[in-house]
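Have a look at the structure below, then the notes.
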Amino acid sequence: MKKTTLFGSLLIFMLAILFLAMPSLIKNRDMGNRQAVANATNVKKVDKKIKVGLLQFMDHPSLNEIRQGFYDQMAQRGYVDGQNLTIDFANGQGDQSNLKMLSEKMMANKDDYLVGIATPAAQALKNVANDQLPVVMSAISDPIAAGLVDSLEKPGKNVTGVSGDCPIEKQFDIIHQVMPELKTLGIIYNSSETNAFKTVQDAKKIAESMGIKVVEKTITSTNDLGQVAEQLSKEVEALFVPNDNTIASSMNTLIAVTNSHKIPVFPVADAMVKAGGVATVGITQYQFGVDTANVLADLIEGKDAREYPVVFTKETAPYINSKEAKLLGIQLPEELVKKAKDMGKEG
Ligand code: TRP
């Protein structure tokens with residue numbers, strides 16, 4: 001009797017240990033994958049393991065692709081997480097107080113370099129770093145308006161990194177190709193995302209010059225996205241979505257509404273086309289991450305952030321979602337189908 005109880009508690013104890021160890025086992029498997037990349041490259045010799053704090057504003061497919069490009073290119077440059085450097089990754093979950101707390105933690109951790117993906121993350125890092133540590137900003141729409149750098153040529157504030165203008169003209173050219181008769185276009189974005197603002201201003205100018213009437217509506221969080229999209233869908237023939245993190249994180253909510261009204265959505269990024277947009281010419285998000293890693297590797301190898309001009313990710317490509325177009329009864333022009341990458345096939 002006693003023996004069975006002992007055996008029973010031992011079994012429960014072992015199961016509990018296994019359960020607790022699970023997350024780190026999974027994490028180690030991830031590391032294993034990364035190290036596979038590392039084995040293909042030369043790991044650079046360093047005097048002391050480099051510590052990098054990597055802060056991502058929130059979880060959405062575009063930012064996740066940027067992060068992947070960053071890890072891959074760091075390895076290409078000879079810096080491999082877990083070997084000659086440690087990348088201390090944190091996700092702000094789209095929340096300002098989280099971003100502040102996580103940035104402070106990175107400072108307390110005595111990281112050597114900080115990297116922020118998307119505007120609010122880079123801003124939070126800059127505030128805590130306060131000129132003491134180099135901050136590399138990644139995929140920032142408007143670094144000057146965001147207060148991250150003094151100038152693009154000579155940043156000055158120990159913050160440099162990667163920016164990228166949405167190819168707005170090319171995007172409107174695609175909208176025109178798909179819907180040559182378009183008369184009314186809705187634009188939806190989060191009023192507190194300064195990064196989306198410039199794109200919206202540019203989009204409005206171009207639309208007006210093309211004789212398209214713009215109806216602009218803002219949201220304050222994902223909570224009012226459904227309702228605002230519903231309203232807007234009743235007033236326009238198509239929607240344009242700028243580089244807005246809030247909407248990028250909730251494309252399914254937006255697309256559910258627009259699909260029910262048979263309204264096509266033209267976003268600015270490949271991942272947003274995959275999530276139900278019809279078409280875009282967009283910056284390859286992965287490339288943002290590659291360019292960011294190149295800046296960080298250059299700083300590690302002796303360049304000064306204050307003197308390092310902001311890099312612009314230029315690589316753009318056309319993307320379509322043939323599945324979504326079919327659902328909406330839209331015939332995509334053959335020429336576009338021929339040259340664009342179809343994001344709607346697999347999903
Ligand atoms: N440019 C955005 C910023 O400055 C971040 C971003 C990168 C983004 N790729 C995106 C936002 C795609 C929405 C969709 O914060």
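Both counts, for ligands and for their atoms, begin at 1 and track the order of listing.
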Note to self: I want to check something: taking the side chain as every heavy atom from C-beta on, are Asn321 and Lys274 in contact at a cut-off of under 4.5 Å?
What the structure shows: no

Check: Near ligand 1, which residues have a heavy atom under 4.0 Å away from one of its atoms?
Finding: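 If the criterion is a heavy atom under 4.0 Å, then ligand 1 touches His60, Ser62, Leu63, Ile66, Ala118, Thr119, Ala139, Ile140, Ser141, Asn195, Asn243, Asp244, Asn245, Ala248, Ala269, Met272, Gln285.
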
Show every donor-acceptor pair shorter than 3.5 Å between a side-chain atom in residues 46-54 and any protein atom, with sequence neighbours excluded, or say none if there are none.
{"unit_1": "Lys51", "atom_1": "NZ", "unit_2": "Asn109", "atom_2": "O", "d": "2.7"}

Next item on the list: Go through the steps for Phe288 and Phe70 under the test ring pair (Phe, Tyr, Trp, His ring centres under 6.0 Å), then give the verdict.
Entry: CA-CA 8 Å; Phe288 269 135; Phe70 173 75; over 10 Å; no

Next item on the list: Can you spot which of Ile320, Leu239, Thr258, Leu332 makes a side-chain contact (heavy atoms from CB on, under 4.5 Å) with Val278?
Entry: Leu332

Check: Can a donor-acceptor pair be found between the side chains of Gln93 and Asp59 at a distance below 3.5 Å?
Finding: no

Margin query: I'd like to know if Lys100 pairs up with Glu104 as an ion pair, taking the criterion as any Lys NZ or Arg NE/NH1/NH2 lying under 4.0 Å from an Asp or Glu carboxylate oxygen.
Written below: yes

